[in-house]
Amino acid sequence: MQPLIDNARTFGQRPEEFAGLAAGQTPEVLFITCSDSRVVPALITGARPGQLFELRTAGNIVPPHASQHPTSEAATIEYAVEVLGVRDIVVCGHSHCGAVGALVRGDDLTAVPAVRDWLAHATPRPAGAAEDPEVAEGVQSHVLTQLLRLRSYPCVERRLAEGRLGLHGWYYEVHTGAVRTHRPDTDTFESL
């Protein structure tokens with residue numbers, strides 16, 4: 001913890017770098033990814049403060065759109081699209097994902113009921129080999145499911161129909177730093 005505290009103490013000693021951020025934010029991308037500490041969107045993309053609007057959830061799950069009981073995730077997506085006017089949404093899964101791995105393996109999650117109930121939003125269960133520690137196939141199919149789920153959000157559906165929004169599926173390898181993007185024409189994940 002001490003290195004984090006030390007950095008936080010010196011971080012605020014460069015106010016000239018951050019003064020412009022007080023005027024507001026205009027990110028062009030909503031970046032939806034896992035809460036995993038090994039996945040750092042700004043590090044992966046090289047984004048500076050104000051360039052990415054982030055939504056981090058266990059397993060980068062986009063819950064179903066429900067107008068009766070909105071979730072914080074739905075509010076974040078709606079705000080990014082309707083208020084901030086992001087032009088692109090990236091759903092970024094990653095190798096060695098504990099959440100997707102648990103789903104692929106069918107792990108017993110009774111000891112962590114909140115996690116179990118959250119992961120129930122990931123239906124259908126991702127495909128993939130249970131013995132694969134990277135869970136690459138499972139994560140990649142899961143990313144595609146979340147992209148489809150995004151299309152059920154009225155604000156996303158409308159912006160897509162207007163040609164003012166792009167959806168992108170990424171797969172990040174935590175062990176190499178490589179990023180792959182889904183190519184709809186070949187239905188494969190290829191290097192960026």
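- When the side chains of ILVMFWY residues are joined at heavy-atom separations under 4.5 Å, either directly or via intervening members, Tyr171 and Leu192 end up in two distinct hydrophobic clusters.
- Cluster note: Val40 groups with Leu43 through ILVMFWY side-chain heavy atoms spaced under 4.5 Å, whether in direct contact or through intervening members.
- Inter-residue side-chain proximity for Val104 and His142 is flagged as unmet; no heavy-atom pair is nearer than 4.5 Å.
- In this structure, His182 and Pro184 have side chains that are in contact, with non-hydrogen atoms separated by less than 4.5 Å.
- Applying the salt bridge (Lys or Arg N to Asp or Glu O under 4.0 Å) test to every pair with at least one member in residues 131-143, sequence neighbours left out, gives no pairs at all.
- Under the 30°/60° scheme for interplanar angles, the aromatic rings of Tyr153 and His65 are found to stand perpendicular.
- In this structure, Pro27 and Leu52 have side chains that are not in contact, with every pair of non-hydrogen atoms separated by 4.5 Å or more.
- Thr145 places a side-chain N or O within donor-acceptor distance of the main-chain N or O of Ser141, the cut-off being under 3.5 Å.
- Note that OG1 of Thr188 and CD of Gln140 are 9.0 Å apart. Values are rounded to the nearest 0.5 Å.
- The closest donor-acceptor contact from the side chain of Arg151 to the backbone of Glu157 lies at 3.5 Å or more, if one exists at all.
- No side-chain heavy atom of Pro41 sits less than 4.5 Å from a side-chain heavy atom of Cys92.
- The side chain to side chain contact (heavy atoms under 4.5 Å, CB included) test with Leu144 is passed by exactly one of Val91, Asp187, Val139: Asp187.
- The shortest side-chain heavy-atom distance between Leu150 and Ile32 falls under the 4.5 Å cut-off.
- Taking CG of Leu84 as the start and CD of Gln25 as the end, the distance is 4.5 Å to the nearest 0.5 Å.
- When all heavy atoms are compared, the tightest approach of Gly93 to Asn60 is CA-OD1, 3.5 Å.
- Of the possible donor and acceptor atoms, one in the side chain of Ser95 sits under 3.5 Å from a partner among the backbone N and O of Val174.
- The shortest side-chain heavy-atom distance between Tyr172 and Thr33 does not fall under the 4.5 Å cut-off.
- In plain terms, the two heavy atoms of Arg105 and Gly98 that are nearest each other are NH2-O, 4.3 Å.
- Residue pairs meeting the salt bridge (Lys or Arg N to Asp or Glu O under 4.0 Å) criterion with at least one partner in residues 74-103, sequence neighbours excluded, are Glu28-Arg87, Glu82-Arg158, Glu82-Arg159.
- Note: Phe11 CZ to Glu17 CD = 7.5 Å, rounded to the nearest 0.5 Å.
- Atom CG of Leu55 and atom CD1 of Ile77 lie 5.5 Å apart (nearest 0.5 Å).
- For the side chain to side chain contact (heavy atoms under 4.5 Å, CB included) with Ile89, the lone residue among Leu147, Val29, Leu30, Val62 that qualifies is Leu30.
- Residue pairs satisfying the salt bridge (Lys or Arg N to Asp or Glu O under 4.0 Å) criterion with at least one member in residues 171-180, sequence neighbours excluded, are listed as follows: Glu173-Arg180.
- Linking Ile, Leu, Val, Met, Phe, Trp and Tyr whenever their side-chain heavy atoms come within less than 4.5 Å leaves Phe31 and Tyr79 in two separate clusters.
- Thr71 is not listed as a side-chain neighbour of His69, based on a closest heavy-atom distance of 4.5 Å or more.
- For Gly138 against Pro126, the heavy-atom pair with the smallest separation is O-CB, 3.4 Å.
- A 4.5 Å side-chain heavy-atom check between Phe189 and Val143 finds at least one atom pair inside the cut-off.
- To the nearest 0.5 Å, the span separating NE2 on His96 from CZ on Arg38 amounts to 7.0 Å.
- Every residue two or more places apart in sequence or in another chain that forms a side chain to side chain donor-acceptor pair (under 3.5 Å) with Asp108 is listed here: Thr110.
- Minimum heavy-atom separation, Ala58 to Ser35: N-OG, 3.3 Å.
- In the hydrophobic clustering (ILVMFWY side chains linked at under 4.5 Å, chained through shared members), Leu109 is joined by Ile61, Leu103, Val112, Val115, Trp118, Leu119.
- Put simply, CG on Leu167 and CG on Leu160 are 4.5 Å apart, with the number rounded to the nearest 0.5 Å.
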